[in-house]
Amino acid sequence: QVQLVESGGGLVQAGGSLRLSCTASGRTFSNYNMGWFRQAPGQGREFVARSSWSGGSTYYGDSVKGRFTISRDNAKNTVYLQMNILKPEDTAVYYCAASRSYFGAAPEQYVYWGRGTQVTVSS
């Protein structure tokens, strides 16, 4: 089992920045590929960003490319999502997820999930 806890969400004005953190416990964090997803009310879970176990490979959803950066610190068992130039359409609950074998954008392929952190961007 891997337990994931997100933090860092909040209310921010459009154009501002936030950094989300996701801290893992329970298994060897560096064995897992990590993803960030988000879900707005009434919508499905959307891929935001993912990082390979080493951090050497990262990918982003089209809507956040150039504004968001995923990074990880395996010594701290933590993955981060730096979000810049935030827009009202970025408002959602943000989740981190872990998979040992899968490294893609499909949320149903990730095994472990956190409970999410709310990000609200005001216009």
Note to self: Would you say Ser63 and Glu89 are linked by a side-chain donor-acceptor pair, where the criterion is simply a distance under 3.5 Å?
What the structure shows: no
Next item on the list: Compute whether any side-chain donor of one residue and acceptor of the other, for Asn77 and Thr23, lie under 3.5 angstrom apart.
Entry: no
Notebook entry, point to check: Salt bridge check: are Asp62 and Lys65 linked by an N-O gap of less than 4.0 Å?
Noted result: yes
Next item on the list: Walk me through it: do Tyr60 and Ile70 pass the test side-chain contact (heavy atoms from CB on, under 4.5 Å)?
Entry: CA-CA 8 Å; Tyr60 298 90; Ile70 187 171; 3.4 Å; yes
Next item on the list: Spell out, as yes or no, whether a donor-acceptor pair under 3.5 Å connects the side chain of Tyr80 to the backbone of Thr69.
Entry: no
Notebook entry, point to check: Taking Leu81 as the fixed residue, which of Val48, Val119, Leu18 is the one that meets the side-chain contact (heavy atoms from CB on, under 4.5 Å) rule?
Noted result: Val48
Notebook entry, point to check: Quick one: salt bridge (Lys or Arg N to Asp or Glu O under 4.0 Å) partners of Glu6, sequence neighbours excluded?
Noted result: none
Note to self: Out of the candidates Phe103, Phe68, Phe47, only one should pair with Tyr59 under the ring-ring contact (aromatic ring centres under 6.0 Å, His included) rule; please name it.
What the structure shows: Phe103
Notebook entry, point to check: Does any donor atom in the side chain of Gln39 or Arg45 lie under 3.5 Å from an acceptor atom in the other side chain?
Noted result: yes
Check: Would a distance-only check, ignoring hydrogens and angles, find a side-chain to backbone donor-acceptor pair under 3.5 Å from Thr91 to Val121?
Finding: yes
Next item on the list: Could you tell me whether Arg72 sits above the aromatic face of Phe29, with NZ or CZ closer than 6.0 angstrom to the six-membered ring centre and within 45 degrees of the axis?
Entry: yes
Next item on the list: Return yes if some donor-acceptor pair links the side-chain N/O of Tyr110 with the main-chain N/O of Met34 below 3.5 Å, else return no.
Entry: no
